[in-house]
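For reference, the structure is listed below as structure tokens.
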Amino acid sequence: MAGPQRITLAMTGASGAQYGLRLLDCLVQEEREVHFLISKAAQLVIATETDVTLPGKPQAMQAFLSEYTGAAPGQIRVFGQEDWLAPPASGSSAPNAMVVVPCSTGSLSAIAGGACNNLIERAADVALKERRQLILVPREAPYSSIHLENMLKLSNLGAIILPASPGFYHQPQSLDDLVDFVVARILNLLDIPQDMLPRWGEHHRSSCEE
């Protein structure tokens, strides 16, 4: 099986909740174990941008997301923002890759500054210090010089900055197609198989299994 078996997926309070939820669905379909982290602001964004309302407590959220995605028992593990004993908080047991999607500019700044005020920030700090894959998906427009400086700093530290900027060369027919474009790029970086977006020069296109 190509790509990491365990992945930390964090959602923060930027627009683009659909990207995070779709990535979670695809990771489940590819039989990956997902450690799911979410900020309070992200829960508000999800309720605003989608018809999904997540329970507030980690255990209830874990049960909801498992049913929502059709995950196997234990495949999705949800951790609270102050659960310092969670695997993502330690380099000795953290997953091999982490994705923050969407990544708010506040989270971008905190990660760039090495802040560890919550589990999302700590998990990203662990990924950087352990030289593990860290993919940040900001969704903001326009970017200020502060945002750009933070992105450059994180890129120099080894993080991958993947703005939520869908392309149009695959002739999207719906909003779902635009979401899938960005999610497919994330999966490509993780080296996880996907058939939502063909490689350049390929013509076949389908969607990952629902």
Side-chain angles (χ1 to χ4, degrees), residues 1-46 49-50 52 54-55 58-72 74-81 83 86-90 93-104 107-108 110-111 118-128 130 132-139 154 159-164 179-180 182-194 196 208:
M1 183 183 291
Q5 303 305 304
R6 291 194 304 157
I7 297 161
T8 299
L9 169 58
M11 295 182 65
T12 61
S15 182
Q18 296 88 343
Y19 296 119
L21 293 175
R22 179 60 167 149
L23 179 60
L24 175 63
D25 181 62
C26 287
L27 292 175
V28 166
Q29 298 307 315
E30 287 297 323
E31 301 181 346
R32 311 302 158 127
E33 180 183 335
V34 181
H35 292 185
F36 187 79
L37 317 178
I38 187 169
S39 69
K40 290 183 178 179
Q43 292 185 55
L44 178 61
V45 172
I46 288 175
E49 295 186 341
T50 75
V52 175
L54 294 177
Q59 284 189 327
M61 189 184 301
Q62 181 171 300
F64 176 88
L65 290 174
S66 295
E67 182 177 357
Y68 179 79
T69 61
Q75 188 177 2
I76 297 174
R77 300 177 65 188
V78 177
F79 300 99
Q81 281 296 277
D83 188 351
S90 173
S93 61
N96 292 328
M98 178 175 181
V99 183
V100 184
V101 54
C103 182
S104 68
S107 296
L108 192 78
I111 295 169
N118 57 53
L119 185 57
I120 292 176
E121 295 169 10
R122 172 57 183 169
D125 190 65
V126 167
L128 289 173
E130 298 291 333
R132 293 174 180 168
Q133 192 172 30
L134 175 62
I135 301 171
L136 306 175
V137 186
R139 207 302 315 162
L154 286 163
I160 297 174
I161 308 298
L162 195 166
V179 171
D180 282 355
V182 173
V183 172
R185 295 298 303 275
I186 297 171
L187 292 171
N188 285 346
L189 288 170
L190 292 170
D191 195 29
I192 293 176
Q194 60 84 21
M196 296 181 292
C208 69

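Since the model is a prediction, treat every value here as computed from it, not as a measurement.
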Least distance between heavy atoms, [X] atom then [Y] atom:
{"X": "S15", "Y": "V45", "result": "CA-CG1, 4.2 Å"}
{"X": "I160", "Y": "Q133", "result": "CD1-NE2, 3.9 Å"}
{"X": "A71", "Y": "V28", "result": "CA-CG1, 3.6 Å"}
{"X": "R22", "Y": "D180", "result": "NE-OD1, 2.8 Å"}
{"X": "R139", "Y": "A164", "result": "CG-CB, 3.7 Å"}

Just by modelled atom types, is the [Y] backbone N or O under 3.5 Å from a matching donor or acceptor in the [X] side chain?
{"X": "Q194", "Y": "V183", "result": "no"}
{"X": "R77", "Y": "P87", "result": "no"}
{"X": "Q5", "Y": "G3", "result": "yes"}

Quick one: does [X]'s side chain get under 4.5 Å of [Y]'s, heavy atoms only?
{"X": "V182", "Y": "L23", "result": "no"}
{"X": "Y19", "Y": "V137", "result": "no"}
{"X": "N96", "Y": "R6", "result": "no"}
{"X": "M11", "Y": "P102", "result": "yes"}
{"X": "I38", "Y": "I46", "result": "yes"}
{"X": "L162", "Y": "V99", "result": "no"}
{"X": "L187", "Y": "C26", "result": "yes"}
{"X": "V126", "Y": "R122", "result": "yes"}

Worksheet entry | Set of side-chain contact (heavy atoms from CB on, under 4.5 Å) partners for S104, sequence neighbours left out |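 Counting only residues at least two positions away or on another chain, S104 forms a side-chain contact (heavy atoms from CB on, under 4.5 Å) with T12, A14, S107.
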
Which residues pass the side chain to side chain donor-acceptor pair (under 3.5 Å) test with [X], not counting sequence neighbours?
{"X": "E33", "result": "H35"}
{"X": "Q75", "result": "none"}
{"X": "T50", "result": "none"}
{"X": "S93", "result": "none"}

Discussion item. Are more than 12 heavy atoms, taken from residues, nucleotides or ligands other than E49, located less than 6.0 Å from that residue's CD atom?
Written reply: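 Yes.
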
Discussion item. Run L27 and T69 through side-chain contact (heavy atoms from CB on, under 4.5 Å) and show every step you take.
Written reply: CA-CA 10 Å; L27 292 175; T69 61; over 6 Å; no

I need the [X] [atom1] to [Y] [atom2] distance, nearest 0.5 Å.
{"X": "E130", "Y": "S90", "atom1": "CD", "atom2": "OG", "answer": "7.5 Å"}
{"X": "M98", "Y": "I120", "atom1": "CE", "atom2": "CD1", "answer": "6.5 Å"}
{"X": "L108", "Y": "L154", "atom1": "CG", "atom2": "CG", "answer": "5.5 Å"}
{"X": "I161", "Y": "L136", "atom1": "CD1", "atom2": "CG", "answer": "4.5 Å"}
{"X": "F36", "Y": "L54", "atom1": "CZ", "atom2": "CG", "answer": "6.0 Å"}
{"X": "S39", "Y": "L119", "atom1": "OG", "atom2": "CG", "answer": "12.0 Å"}

Discussion item. Applying side-chain contact (heavy atoms from CB on, under 4.5 Å) to L128 and I111, what does each step give before you reach the verdict?
Written reply: CA-CA 9 Å; L128 289 173; I111 295 169; 4.1 Å; yes

Worksheet item: Who pairs with R32 by salt bridge (charged side-chain N to carboxylate O under 4.0 Å, His left out), at least two apart in sequence or on another chain?
Response: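 Result, salt bridge (charged side-chain N to carboxylate O under 4.0 Å, His left out) vs R32: none returned.
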
